[in-house]
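What follows is a short report on a single structure.
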Amino acid sequence: EVNMGINNLDYSTLTVTGSAQVLATACSPVMPSQTKGAVITVEGAPVRWRDDGTAPTATEGQLMNVGDVLTFDSWTVPEQNWKQILRAIQFIRTTATSGLLKISWYD
């Protein structure tokens, strides 16, 4: 039986500093173990991210500006599981001002 329900598992924040941080373990609280999807919103200052195992830098990686939302959608295709990417993704700030991530975790 396929569970078609999507549930919010938790809500976390992460202050994005000048050193690359792994989202799943640097946020507070940490990513729930049953996570399959997430919605991540940027506040405060721009950030960059990478999910390929290499740490982003202030000038290299995918850029997100304040107000941008990164969605790892676990509800359009319920069988999709983004857990490996969510464990790998790292963030870093792009300027002297730290960004703030707001994260909602979903199963």
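If you're wondering where the values come from, they're calculated on a predicted model, not measured in any experiment.
At least one donor-acceptor pair closer than 3.5 Å links the side chain of K83 to the backbone N or O of S33. Formation of a donor-acceptor pair under 3.5 Å by the T35 side chain with backbone atoms of G37 is not found in this model. Checked by atom type and distance alone, the side chain of T57 pairs as donor or acceptor with a backbone atom of T59 at under 3.5 Å.
Every residue two or more places apart in sequence or in another chain was checked for a salt bridge (charged side-chain N to carboxylate O under 4.0 Å, His left out) with D10, and none qualifies. Partners of R50 under the salt bridge (charged side-chain N to carboxylate O under 4.0 Å, His left out) rule, at least two apart in sequence or in another chain, are D52.
The cluster map of Ile, Leu, Val, Met, Phe, Trp and Tyr, joined by side-chain heavy atoms under 4.5 Å apart, puts V22 and V30 in different clusters.
Between I92 and S19 the shortest side-chain heavy-atom distance does not fall below 4.5 Å. Using a 4.5 Å heavy-atom threshold, the side chains of S28 and S12 count as separate. Looking at Q90 and Q21, their side chains never come closer than 4.5 Å, going by heavy atoms from C-beta outward.
Here I89 sits in one hydrophobic cluster together with L9, L14, V16, L23, M31, I40, V42, V47, W49, M64, L70, F72, W82, I85, L86, F91, L101, I103, W105; the rule is ILVMFWY side chains under 4.5 Å apart, joined directly or through other members.
Of all heavy-atom pairs between R93 and S98, the closest is NH1-OG, 2.8 Å.
Side-chain polar atoms of T94 and R48 form no donor-acceptor pair below 3.5 angstrom.
Separating the CD atom in E43 from the OG1 atom in T15 is a distance of 10.5 Å, to the nearest 0.5 Å.
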